[in-house]
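In this text the structure is predicted, and so the values were computed from the model without any measurement.
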Amino acid sequence: MKVWALEGFGVAHILQEMLTYKSDYIRAPQEVLDEHWQVLEVAHQISFGYGHLTWEWEKGIRSCLHPMIFAALYKVLAFFHLDKPWFMIRIPRLLQSVFSAFGDLYLFKLSQEIFGDRVAKFTLFSQLTNWFMFFCITRTLSNSLETVLTIVSLYYWPCIRPSASKISWGSRKWALAIAALACAIRPTSDSYWGARTLILGLTFLVDRWMGLQLWSSHSYRFRFLAFSSKQWKLSSLVAWSLAIYSLLGHKEFRNNRSTYQGRGKICVHSTLTGPHVVGFHGVCPPCASNSFNVRWYWLTTIGGPDKSNGRGKRSPSTHDGCSIKLQLAILFLAVTNIPMAFYMSMVHQRGTEDVMNYLSEEAYRRKVKSIVFFTPCHATPYYSTLHRNLPMCFLDCTPSEEKRALDESDRFLVDPVGFATEFAKNWSTPSHIVLFDSQEKLLKEFLALHNFQEIKWFFHAHFKVDRELQASVAVYTWKGQ
């Protein structure tokens with residue numbers, strides 16, 4: 001694994017290794033559909049003049065700054081006549097992979113600046129082996145770019161550094177500019193950066209109240225805070241952001257991804273500096289997307305200095321024991337994350353991506369005339385993947401002003417046969433229909449009645465997530481009269 005080689009390499013080679021790591025990942029994309037509907041579909045509309053805009057864009061409540069990045073990329077592809085299915089599907093994620101590689105690089109540099117080489121390497125290892133970051137960070141979500149910009153801005157932010165007075169004015173300007181860009185791309189970032197003044201004031205009071213002598217002489221206070229002012233700033237920002245995000249009605253793990261690296265650095269530092277800072281670990285609550293938090297606690301007890309000889313140095317036998325246990329711990333971390341990373345990224349819920357990749361190739365060969373999606377709304381990518389201005393129709397789920405009113409998607413799931421029968425009275429017969437196996441079983445008779453036959457089947461998932469099991473995706477084509 002590439003991570004094992006990081007210790008002997010310089011920053012430039014670290015970037016090269018991470019770019020290779022991220023680029024390998026884009027070969028088998030999977031279902032995270034907001035990256036299409038909220039970014040690439042908008043970018044496709046801007047660049048090529050066709051693409052579906054969801055109600056958020058029609059109401060003007062989202063920023064077009066992030067989609068503009070990929071719109072420019074699409075323009076470049078079109079200029080060089082590379083707007084073919086293979087490139088249209090893979091190149092946007094490759095660009096995001098480059099962004100995420102720079103995020104990993106600056107995560108390493110920031111950790112090194114604050115905590116030193118040892119914590120920096122372990123933090124980077126945790127980042128690269130974390131299954132959720134592997135799953136999400138190379139996707140073209142606004143959260144992904146927000147995460148990268150946050151970590152880069154923190155690197156240049158003076159108050160985060162141990163010696164803020166030595167930071168040049170140019171660094172301060174970079175920090176402000178990048179933070180402003182993060183807020184422009186995703187306004188919720190303001191909850192992270194808006195806390196800066198509050199955190200600085202609180203840090204000042206803590207420094208004056210505790211005093212340097214109190215940190216070393218009053219162990220109960222050290223156990224309560226368990227970090228110096230530089231960690232206090234970072235952990236306070238994380239705690240503030242988590243509190244603000246917790247107030248939102250719509251919650252997803254990826255929405256607070258910009259705090260993951262901060263929690264990771266804090267946890268790694270607190271564990272690698274010895275078991276005397278165990279009390280601080282409560283600041284880093286474990287979650288599904290940051291599963292290494294608890295496991296680093298075990299690394300604390302095996303990676304800390306041995307105090308038995310009174311000088312804070314390890315005896316040779318203790319060093320050997322720690323080395324073996326540390327290797328086992330790292331192996332355990334990798335084994336429990338890497339299989340999950342590959343399963344979630346290359347197997348789970350891949351059918352909706354595969355079916356549109358297939359239809360894109362068929363449309364390029366002019367074998368597709370029109371498509372109807374009998375699926376829950378926004379279940380597949382759309383024009384940004386098909387890249388052909390063909391008639392397509394999916395079931396709408398725009399929020400209604402009437403309370404408890406069912407949208408098209410809900411009505412279809414309640415009564416697939418009744419809805420499809422009514423829907424077919426006003427349609428222009430499509431050349432293709434896409435639907436999940438759970439609805440396909442109920443619509444077999446309807447499809448046969450309208451002269452449709454199955455031509456392709458794609459695996460989708462082994463287990464259900466938020467609805468009934470959607471094990472596969474089927475494609476039907478019209479046989480004609």
Side-chain angles (χ1 to χ4, degrees), residues 29 31-60 62 64 66-96 140 351-398 408-409 423-424 426-435 450 452 455-456 458 473-480:
E31 182 193 58
V32 178
L33 294 167
D34 272 0
E35 66 176 320
H36 298 284
W37 290 92
Q38 303 298 356
V39 182
L40 298 183
E41 196 68 20
V42 181
H44 197 276
Q45 167 71 26
I46 295 171
S47 297
F48 301 106
Y50 63 95
H52 183 83
L53 300 181
T54 60
W55 66 273
E56 298 99 323
W57 297 97
E58 293 179 350
K59 296 289 186 181
R62 285 185 178 269
C64 65
H66 186 222
M68 286 293 291
I69 297 171
F70 296 95
L73 177 64
Y74 283 150
K75 285 292 188 182
V76 172
L77 290 177
F79 179 80
F80 289 103
H81 303 288
L82 295 175
D83 53 331
K84 305 295 191 293
W86 194 93
F87 292 100
M88 292 295 293
I89 292 169
R90 291 168 177 81
I91 295 301
R93 194 165 290 169
L94 177 60
L95 177 61
Q96 180 57 41
T140 55
T352 51
E353 294 270 1
D354 288 342
V355 70
M356 285 307 295
N357 295 351
Y358 163 76
L359 290 172
S360 175
E361 295 286 351
E362 292 293 288
Y364 183 71
R365 300 185 184 100
R366 302 187 183 279
K367 294 182 179 181
V368 178
K369 303 301 181 183
S370 58
I371 308 172
V372 167
F373 295 87
F374 278 145
T375 64
C377 75
H378 304 157
T380 68
Y382 213 51
Y383 282 110
S384 60
T385 297
L386 189 76
H387 192 50
R388 284 291 179 275
N389 194 7
L390 302 174
M392 293 199 293
C393 177
F394 68 93
L395 306 183
D396 185 56
C397 59
T398 301
E408 285 186 345
S409 181
F423 187 87
N426 300 311
W427 74 4
S428 177
T429 306
S431 65
H432 291 73
I433 290 178
V434 177
L435 69 170
H450 289 80
F452 284 90
I455 59 168
K456 202 73 175 177
F458 297 94
V473 184
V475 180
Y476 280 73
T477 188
W478 187 53
K479 296 184 296 182

Trainee: According to the interplanar angle, ranging from 0 to 90°, do the rings of Trp427 and Phe423 count as parallel (below 30°), tilted (30 to 60°) or perpendicular (above 60°)?
Mentor: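 It falls in the perpendicular class, over 60°.
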Trainee: Tell me, do Val475 and Ile433 make a side-chain contact under 4.5 Å, heavy atoms counted?
Mentor: no
Trainee: Ignoring hydrogens, what is the shortest heavy-atom contact between Tyr74 and Ser384? Give both atom names and the distance.
Mentor: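 Looking at all heavy atoms of both residues, the shortest contact is OH-CB, 4.0 Å.
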Trainee: Report the C-alpha separation of Lys367 and Glu361 in whole Å, then their side-chain angles, then the decisive distance to 0.1 Å, and conclude whether the salt bridge (charged side-chain N to carboxylate O under 4.0 Å, His left out) test is met.
Mentor: CA-CA 9 Å; Lys367 294 182 179 181; Glu361 295 286 351; over 6 Å; no
Trainee: I need the minimum non-hydrogen distance between Pro67 and Ala43, along with the two atoms involved.
Mentor: O-CB, 3.3 Å
Trainee: Can the ring centroids of His378 and Phe394 be said to lie less than 6.0 angstrom from one another?
Mentor: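 Yes, the ring of His378 comes within the 6.0 Å limit of the ring of Phe394, centre to centre.
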Trainee: Is Val355 close to Lys456 at the side-chain level, that is, under 4.5 Å between some pair of heavy atoms?
Mentor: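 No - every pair of side-chain heavy atoms lies 4.5 Å or more apart.
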Trainee: Considering non-hydrogen atoms only, spot the tightest contact between Pro85 and Ser360 and give its length.
Mentor: CB-OG, 3.4 Å
Trainee: Roughly how far, to the nearest 0.5 Å, is the CZ atom of Phe70 from the CZ atom of Arg93?
Mentor: 10.0 Å
Trainee: Would you call the rings of His387 and Tyr50 parallel, tilted or perpendicular if under 30° counts as parallel and over 60° as perpendicular?
Mentor: parallel
Trainee: Got His432 and Ser370 here, is their nearest side-chain heavy-atom distance under 4.5 Å?
Mentor: no
Trainee: Once rounded to the nearest 0.5 Å, what's the spacing between atom CG of Asp34 and atom OG1 of Thr54?
Mentor: 8.5 Å
Trainee: Which pair of heavy atoms, one from Ala363 and one from Val368, lies closest together, and at what distance?
Mentor: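 Answer, listing the atom of Ala363 first, then Val368: N-CG2, 3.8 Å.
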Trainee: Name the residue from Leu359, Val372, Thr352 that meets the side chain to side chain contact (heavy atoms under 4.5 Å, CB included) definition with Val434.
Mentor: Leu359
Trainee: Test Leu390 against Ile371 for side-chain contact (heavy atoms from CB on, under 4.5 Å), laying out the working first.
Mentor: CA-CA 8 Å; Leu390 302 174; Ile371 308 172; 5.8 Å; no
Trainee: Here's a test for you: under ring pair (Phe, Tyr, Trp, His ring centres under 6.0 Å), which of Phe373, Trp37, Trp57 qualifies with His52?
Mentor: Trp37
Trainee: How far apart are the C-alpha atoms of Val473 and Thr380, what are their side-chain angles, what is the distance that settles it, and do they pass the side-chain contact (heavy atoms from CB on, under 4.5 Å) test?
Mentor: CA-CA 10 Å; Val473 184; Thr380 68; 5.8 Å; no
Trainee: Can you name the nearest heavy-atom pair linking Phe48 to Ala78, along with the distance?
Mentor: CE2-CB, 3.9 Å
Trainee: As an exercise, state the distance from CD of Glu35 to OG1 of Thr140, rounded to the nearest 0.5 Å.
Mentor: 4.0 Å
Trainee: Roughly how far, to the nearest 0.5 Å, is CE of Met88 from CG of Leu73?
Mentor: 8.5 Å
Trainee: Taking the side chain as every heavy atom from C-beta outward, state whether Leu435 and Tyr476 have any atom pair closer than 4.5 Å.
Mentor: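 The answer is yes, as the side chains (C-beta and beyond) meet within the 4.5 Å cut-off.
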Trainee: Evaluate the ring planes of Phe458 and Tyr358, with Trp represented by its six-membered ring, and classify them as parallel (under 30°), tilted (30 to 60°) or perpendicular (over 60°).
Mentor: tilted
Trainee: Yes or no on side-chain contact (heavy atoms from CB on, under 4.5 Å) for Leu53 and Val42, after CA distance, side-chain angles and deciding distance?
Mentor: CA-CA 6 Å; Leu53 300 181; Val42 181; 4.0 Å; yes
Trainee: What heavy-atom pair brings Asp396 and Cys377 nearest, and what distance separates the two atoms?
Mentor: C-CB, 4.3 Å
Trainee: For side-chain contact (heavy atoms from CB on, under 4.5 Å), just list the numbers for Met356 and Leu386, CA-CA rounded to whole Å, side-chain angles, deciding distance to a tenth of an Å, and then say yes or no.
Mentor: CA-CA 7 Å; Met356 285 307 295; Leu386 189 76; 4.1 Å; yes
Trainee: Nearest 0.5 angstrom please: Ile69 CD1 to Leu95 CG, how far?
Mentor: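 The CG atom of Leu95 is 7.5 Å from CD1 of Ile69, to the nearest 0.5 Å.
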Trainee: If I take atom CE from residue Met392 and atom OH from residue Tyr383, how far apart are they, to the nearest 0.5 angstrom?
Mentor: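 Atom-to-atom, Met392:CE and Tyr383:OH are 4.5 Å apart.
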